[in-house]
2 protein chains.
Amino acid sequence: MASARATIYQVAQRCGVSTATVSRAMSGGAGMSVDTRRRVLATAAEMGWVPNGSAKALASNRTGILGVLFHDLDSGNDPLLDSPLYLDQVLRGAEQATTGVGDALLIAATRGRSGRDLAYSVAGKADGLVLFARSLNRADTQALASMVPIVTVGRAGSRWPHDDISVDNRGGMRNLVEHLLEQHGLRRLAFVSGPPRTPDSIARFAGFRDALIAAGLPAPDKPDADGGFTESGGEQAAESILTGDRQVQAIVCANDEMAIGVRAVLAARRLRTPADIAVTGFDDISASRHLSPSLTTVHQPMHEVGSRAISLLLQRLREPTKPRTSVVLATESVIRRSCGCRRPPARPPERSMSDGLRRTRSSRTPTEQ
Amino acid sequence: MASARATIYQVAQRCGVSTATVSRAMSGGAGMSVDTRRRVLATAAEMGWVPNGSAKALASNRTGILGVLFHDLDSGNDPLLDSPLYLDQVLRGAEQATTGVGDALLIAATRGRSGRDLAYSVAGKADGLVLFARSLNRADTQALASMVPIVTVGRAGSRWPHDDISVDNRGGMRNLVEHLLEQHGLRRLAFVSGPPRTPDSIARFAGFRDALIAAGLPAPDKPDADGGFTESGGEQAAESILTGDRQVQAIVCANDEMAIGVRAVLAARRLRTPADIAVTGFDDISASRHLSPSLTTVHQPMHEVGSRAISLLLQRLREPTKPRTSVVLATESVIRRSCGCRRPPARPPERSMSDGLRRTRSSRTPTEQ
DNA sequence: GCTCCTCACGTAACCGCTTACGTTAGTTAA
DNA sequence: TTAACTAACGTAAGCGGTTACGTGAGGAGC
């Protein structure tokens, strides 16, 4: 049953036309009578014929497949590389954009695989690729880019010649810290960073400084502690900050997981959040709204990252020579309670993200350059 | 650069051999001298040649692509259908198994798409498909199955003729409830179910009854309330249970989200968990360990579901006529604090799932029939 | 020395579709 | 009436691999 699939020849014969006509019927029916087309389509359906994808791809030089490459599908085991905490959101966005044009979505992990291997098993099967930021080094990226068009994610400032889609990490953090400064009048803020050399980590710290400087406050040269983007790293960071002689009013974390670790330490020391020390995160992972108090953080539009990445790819496929496009998406502050805000009165509607919170967009609106 | 890719002819010519030899070299090198093979491989690498996937697929009748179909990549908007809360875990398992044999992974959502559409855009591009439980109706499933081998997820008991991989929902719930009965001596348990007709919901309620019956307690015919697998549904269920005249000691929920809703209501009513009323969930979503008290629940081996689904598919591809295989994977009770257990002494190691908890496997070990 | 293998490789027929180009019949314009 | 189009379809040459089969050289066995 799974074998013996019909071919275009059989459909053509059964319908008394040529294979060209059948092919035309399947692809829009340009240059043929509506009547013939109807007949062809009918017999095709009747015979349960579906064109062979490989043959189609070979002849038309289009596979109808778009690929997305992550460093790893796992959730952030290696924080030095991109941790697809948002895997589902990104994929959903990508999937929708992809099926929207009738294409299919291929996903793969790059961890430990060479560019050549990927070229063989992925690039050779797709019309284009979306590469998550640090999932691949330069040489391997080149290897893939020489085969198919690619768009990168999170390479906004770089000199890479590919289309790019990024999130405004810097503006997002600045926005959040401004909330702390302006709404809560906090002044002594500590910053817990992620791994030193990651772009996200750097950008978020920069946003932190932006806010302080804009408020006329002294801005530190470096983070108060490095939490490595992990929960336990956040714990250690908190210990080191609390042990120091500096009296802090808030601990600003470069991601939610570290904020969770920080909060655990505060709780263990009988320090109240936010009364004694406010805590904020970044990412808006699902656990954040379930903490008590719920975590004030920054939400990234990962669904949109996925869908726009695919859009960029499709554009590039359509216009191979058009100039590079770089899109930066705005983030949104998710104001919950760990910053000191009171619980809003109304109960939220069904399972929404807006569980009684206020939102502010980072000043940087979606931008194309 | 992305154009003008070399073909096997050019490689053959440059190397002074025939295309057949090049092809042989690329596929293991059987029946040729090691020396020639080395030469071919060298010039191929030198020319940066990677075989055209479509041509290869057409000629060999193998795409080297495996597909996974979900109802939707979104997280459970429609609880009547499968909600891939575990999307990332499943995909990771599937991806590893797939990459392990050099294949690539295709993913797609079935929501709102016809079997014919899917056959066209997905089945035609893959060697086989993994279908999540209720992602497709019978007719559409048939349409796909007539094109390529498929394995289903969560159809263990059914008469569907396909290989299947399922999780032991029933045993998992039974195991958890036994913990409540035996370790905590609880007797008056309320059950909050998911949507009435979903297999998971039914199986979990059955497990609940199993435990009661095994303990010689009266078992209800139907759940105390239907929470529809959603947080707000859980809230309503809790209200109705607490309003009733029955004095319950514990509220057993068919999933974690409802448990979260239940806990919110208990908290609002100043009822302590677990002191006044214990609460348990099912699924072990990431938020569960961050609740206070942390949620006792049941963990499903979704990573393994993904990897074994692919394994089954690969087996079937190798042996098209072998008898149907149905695998049922055991779940694991994740004992945290909402059931009444005290927080274990030692601090957990780095970001592990084993955040100070005890685990018990559901009695049903992985089974093949 | 001759036959018969075996090994290593070349030849070429596909795989199932797309599409440039050719063909035919029917229309239109002069 | 006829040349010039045009619409609607057929012909067949690829697309870039795989692989059954053919072939020649070298070695083994007699």
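Throughout, a chain's letter reflects where its sequence line sits, starting with A, and its residues are numbered from 1. Note that these values count all heavy atoms, side chains included, but never hydrogens, waters or copies made by symmetry.
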Next item on the list: List the protein contact pattern of nucleotides 4-17 of chain D with one symbol per nucleotide (5' to 3'): B for base contact, S for sugar-phosphate-only contact, - for none; contact means a heavy-atom distance under 4.0 Å.
Entry: ----SBBBB-BBBB
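Under the rule for a side-chain hydrogen bond (donor to acceptor under 3.5 Å, both in side chains), A:Ser27 has no partner lying at least two apart in sequence or in another chain. Taking the side-chain hydrogen bond (donor to acceptor under 3.5 Å, both in side chains) definition, one finds that A:Asp164 meets it with A:Thr152, A:Ser166, sequence neighbours left out.
Of all nucleotides in DNA chain C, those with any atom nearer than 4.0 Å to a heavy atom of chain A start and finish, going 5' to 3', at C:dG16 to C:dT19.
Remark: side-chain polar atoms of A:Asp140 are not paired, donor with acceptor, to backbone N or O of A:Ser114 under 3.5 angstrom. Listed for the B:Thr110 side chain is a donor-acceptor partner under 3.5 Å among the backbone atoms of B:Phe70. Side chain of B:Glu95 to main chain of A:Ala109: a donor-acceptor pair is present (N/O by atom type, distance under 3.5 Å, no hydrogens or angles).
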Pairs of donor and acceptor atoms involving the side chains of residues 29-36 of chain A, under 3.5 Å and at least two apart or interchain, shall be tabulated with distances.
from: A:Ser33; atom 1: OG; to: A:Thr36; atom 2: N; distance (Å): 3.0
from: A:Ser33; atom 1: OG; to: A:Thr36; atom 2: OG1; distance (Å): 2.7

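Put simply, the residue from A:Ile150, A:Leu144, A:Val153 that forms a side-chain contact (heavy atoms from CB on, under 4.5 Å) with A:Leu69 is A:Leu144.
Using a 4.0 Å cutoff on non-hydrogen atoms, no part of residues 114-123 of chain B comes near DNA chain C.
Here the side chains of A:Ile310 and A:Val130 are in contact, with some heavy-atom distance below 4.5 Å. Counting only heavy atoms from C-beta outward, the side chains of A:Arg62 and A:Asp103 approach each other to under 4.5 Å. In this structure, the side chains of B:Met147 and A:Val50 come closer than 4.5 Å at one or more pairs of heavy atoms.
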